[in-house]
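Remember, it's a predicted structure, so these values are computed and weren't measured experimentally. Note that the numbering runs from 1 along the sequence shown for the chain.
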Amino acid sequence: MSIVMTEFARPRLFPRTPRPNTIQDVTAEQFIAHLNTHAPYKVLDGYAPFCKLHIYENWTSTRCLTVPITEDNRHLLRSAYEARNKAELPVLVRWFEGVTPPVANYLVVILYSAQQLAAEGSPIAADWGVVGCIYTAEPEEVPMAPITMMRNALGVEEGGSGVAIDRDAYARAVDFWEHNANWR
């Protein structure tokens with residue numbers, strides 16, 4: 001099985017100007033080399049048949065992606081309308097500013113099959129492409145953000161995958177994201 005970094009994921013995980021809430025200590029090329037030479041700690045099915053989650057023990061100093069919302073930090077939440085790229089519509093997002101989460105124990109690498117990426121207009125020369133990565137304390141998936149589920153349901157032309165919303169998964173995601181937020 002071969003894995004490559006997609007052009008969609010590269011600027012989010014390895015931005016030109018490094019940010020503390022992205023993958024640390026390695027380049028995109030070193031990251032991909034690690035994925036292709038080390039077996040994952042665990043493999044989970046993703047939200048659709050074309051999506052797999054490869055969970056690796058964190059070999060970097062990358063910090064957890066989410067922070068629990070408490071009365072002590074709620075005042076540090078920020079929000080704005082943002083698009084992930086120029087082709088997508090902006091959506092409402094929220095994040096913490098001024099918090100420092102712990103170093104993640106696991107990196108949950110989100111992979112899409114070559115067939116799905118080709119269907120979305122992003123062909124790759126490998127079996128799987130990295131479309132994202134979640135940095136977590138536990139070797140489990142963090143629920144996809146509800147807005148991402150909605151974007152996926154809108155279809156490829158709006159930056160999604162064309163997968164309909166699963167109401168139960170959506171409810172679990174709302175419960176998680178009501179009590180947690182990303183940080184910058």
Side-chain angles (χ1 to χ4, degrees), residues 1-19 21-40 42-56 58-60 62 65-66 80-93 95 104 106-136 140-166 169-170 173 177 182 184:
M1 181 176 92
S2 58
I3 300 171
V4 296
M5 179 68 61
T6 64
E7 290 308 311
F8 175 80
R10 182 178 297 272
R12 285 158 194 73
L13 303 179
F14 299 94
R16 286 189 183 133
T17 302
R19 296 188 316 262
N21 65 340
T22 59
I23 296 174
Q24 305 294 302
D25 309 325
V26 296
T27 65
E29 293 72 26
Q30 291 168 327
F31 182 77
I32 290 298
H34 187 94
L35 301 184
N36 280 301
T37 58
H38 293 80
K42 188 178 187 180
V43 175
L44 300 174
D45 289 332
Y47 75 102
F50 58 77
C51 180
K52 295 290 180 192
L53 306 175
H54 282 202
I55 301 173
Y56 293 84
N58 186 5
W59 69 96
T60 73
T62 304
L65 190 62
T66 63
Y81 282 92
E82 297 179 346
R84 299 179 298 184
N85 59 50
K86 293 177 183 174
E88 291 183 358
L89 297 172
V91 298
L92 185 62
V93 295
W95 66 92
Y106 299 92
L107 302 180
V108 181
V109 181
I110 306 165
L111 303 172
Y112 274 19
S113 70
Q115 295 82 3
Q116 178 64 24
L117 289 167
E120 292 184 15
S122 300
I124 58 171
D127 301 317
W128 295 90
V130 175
V131 296
C133 188
I134 304 166
Y135 330 127
T136 67
E140 300 298 329
E141 177 183 16
V142 169
M144 185 184 300
I147 193 62
T148 304
M149 291 180 180
M150 287 187 180
R151 178 184 278 119
N152 280 342
L154 290 175
V156 173
E157 58 281 350
E158 298 299 338
S161 61
V163 174
I165 290 177
D166 173 318
Y170 188 86
W177 289 103
N182 290 330
R184 296 182 182 174

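- Although no hydrogens or angles enter the test, the distance criterion places no donor-acceptor pair under 3.5 Å between the side chain of Asn182 and the main chain of Trp95.
- Between His54 and Tyr56, the angle of the ring planes lies from 30° to 60°, which puts this pair in the tilted group.
- Counting only heavy atoms from C-beta outward, the side chains of Leu44 and Ile55 approach each other to under 4.5 Å.
- Val26 approaches Gln30 most closely through the heavy-atom pair CA-OE1, 3.2 Å.
- With hydrogens and angles ignored, the 3.5 Å screen pairs a side-chain donor or acceptor of Thr6 with a backbone N or O of Val130.
- A distance-only check finds no donor-acceptor pair linking the side chain of Gln116 to the backbone of Ser113 [under 3.5 Å].
- In this structure, Met150 and Val91 have side chains that are not in contact, with every pair of non-hydrogen atoms separated by 4.5 Å or more.
- The shortest distance between side-chain heavy atoms of Glu140 and Lys42 falls below 4.5 Å.
- Residues Gln115 and Phe50 fail the side-chain proximity criterion, which asks for heavy atoms closer than 4.5 Å.
- The two atoms that bring Ala153 and Ala164 nearest to each other are CB-CA, 4.3 Å, heavy atoms only.
- Shortest non-hydrogen contact noted between Ala104 and Asn58 is O-ND2, 2.8 Å.
- Using a 4.5 Å cut-off on side-chain heavy atoms (C-beta onward), Glu120 and Phe8 make no contact.
- Between the Trp177 side chain and the Pro143 main chain, a donor and an acceptor come within less than 3.5 Å of each other.
- Val109 is listed as a side-chain neighbour of Phe31, based on a closest heavy-atom distance under 4.5 Å.
- Between Val131 and Leu117 there is a side-chain heavy-atom pair separated by less than 4.5 Å.
- One N or O on the side chain of Arg12 and one on the backbone of Arg84 form a donor-acceptor pair closer than 3.5 Å.
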Inset, instruction - Please step through side chain to side chain contact (heavy atoms under 4.5 Å, CB included) for the pair Asn152 and Tyr47, ending with a clear verdict. - result: CA-CA 11 Å; Asn152 280 342; Tyr47 75 102; 3.4 Å; yes
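- Judged by distance alone, the side chain of Asp127 and the main-chain N or O of Ser2 form a donor-acceptor pair under 3.5 Å.
- Within the 4.5 Å cutoff, the side chain of Gln24 has no heavy atoms near those of the Tyr135 side chain.
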Legend entry - Test log, rule side chain to side chain contact (heavy atoms under 4.5 Å, CB included), inputs Val108 and Val142: CA-CA 9 Å; Val108 181; Val142 169; over 6 Å; no
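- The two residues Val4 and Ala126 make their nearest non-hydrogen contact at CG1-CB, 3.4 Å.
- Atom OG1 of Thr27 and atom CG of Asp25 lie 11.0 Å apart (nearest 0.5 Å).
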